[in-house]
Protein chains: 2
Amino acid sequence: MDYHSEILTPIFQALADPTRRAVIGRLGRGPASISDLAQPFDMALPSFMKHIRFLEESGLINTHKHGRIRTCTLERKPFQMVEAWLAQQRQLWEGRTDRLEQFVLAQHTKETE
Amino acid sequence: MDYHSEILTPIFQALADPTRRAVIGRLGRGPASISDLAQPFDMALPSFMKHIRFLEESGLINTHKHGRIRTCTLERKPFQMVEAWLAQQRQLWEGRTDRLEQFVLAQHTKETE
DNA sequence: TCAATACTTAGCGCAAGAGCTAAGTGATGG
DNA sequence: CCATCACTTAGCTCTTGCGCTAAGTATTGA
């Protein structure tokens, strides 16, 4: 379970920026080139490129270059890892409420004895 | 949809640290005091406190003080927001694969005509 | 072949993040 | 009522993140 932990850090870090989340949103509709992706943002290209590299290094996207154009694609596995972690947390919480319910039930039983 | 965007930044930022994720994991089992939470970590208390404050400011936890003890509790809404965002991304992706499938189907139909 | 295109590299500046120590505050317990 | 406990504040490092400009490289279209 915990071996996920390390890899989640760069993923959450990558998701913690609005520009990068917007890029992810765009890539959800299909692959795109750097300049296509950069176009909506009021930002110098090298600054934008840093976001792309961050996304790539965290594993959230893949890129490959054909000629002078670099195309970016979404990678789904990291999202599944985040979802798995969230599910695990939810399970913890729900496990607890189950125990709470049992506790409340037990109290109720005692009181009505 | 996009009004979530702003609030997601501090949430993902808060999740982007192993100490804070571990604290969240612990709080999944129920509320705890600062020193209980801090105990497993090899870190000075003030350093640990910064993580707690970060978690609180991002809305992931609530805290309240009774006497000299501050108790921390998990807050579920931020997790639901993250899950909603992930669901939205998945939907985008799946919408695309649907369109891809339709495209492939259309091609196939053409070819077999 | 040569200018334009699409990045890419190098390097700077400022703000935040993540850790520390030292010293302070305000409950509790004996 | 005084020591101890449980934080809390202040202030310091060092690193990383996020933006910029200027200049460089490698394709491509005319």
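Protein chains get the first letters and strands the later ones, always in sequence-line order, with residue 1 at the start of each.
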Using only side-chain N and O atoms of [X], determine if any of them is under 4.0 Å from OP1 or OP2 of [N].
X: B:K65; N: C:dG26; result: no
X: A:S47; N: D:dC20; result: yes
X: B:S35; N: D:dC7; result: yes

By salt bridge (charged side-chain N to carboxylate O under 4.0 Å, His left out), which residues pair with [X], not counting sequence neighbours?
X: B:R68; answer: none
X: B:R53; answer: none
X: B:E75; answer: B:K77

**For DNA chain C, the residues among residues 67-74 of chain B that have a non-hydrogen atom under 4.0 Å from it** = B:G67, B:R68
Protein N or O to nucleotides 10-16 of chain D N or O, pairs below 3.5 Å:
none

**Prompt:** Does atom NE2 of A:H66 have more than 12 heavy-atom neighbours from other groups under 6.0 Å away?
**Reply:** no
**Request:** Can you tell me the distance, in whole Å, between the CZ atom of B:R53 and the P atom of C:dG17?
**Result:** 13 Å
**Prompt:** For A:R20 and A:S58, does a side-chain donor sit closer than 3.5 Å to a side-chain acceptor?
**Reply:** no
**Request:** Not counting sequence neighbours, which residues clear side-chain contact (heavy atoms from CB on, under 4.5 Å) with A:S33? List them please.
**Result:** A:S35, A:D36, A:I69
**Prompt:** Considering only C:dC7, D:dC7, C:dA18, which nucleotide approaches the side chain of A:L45 most closely?
**Reply:** C:dC7
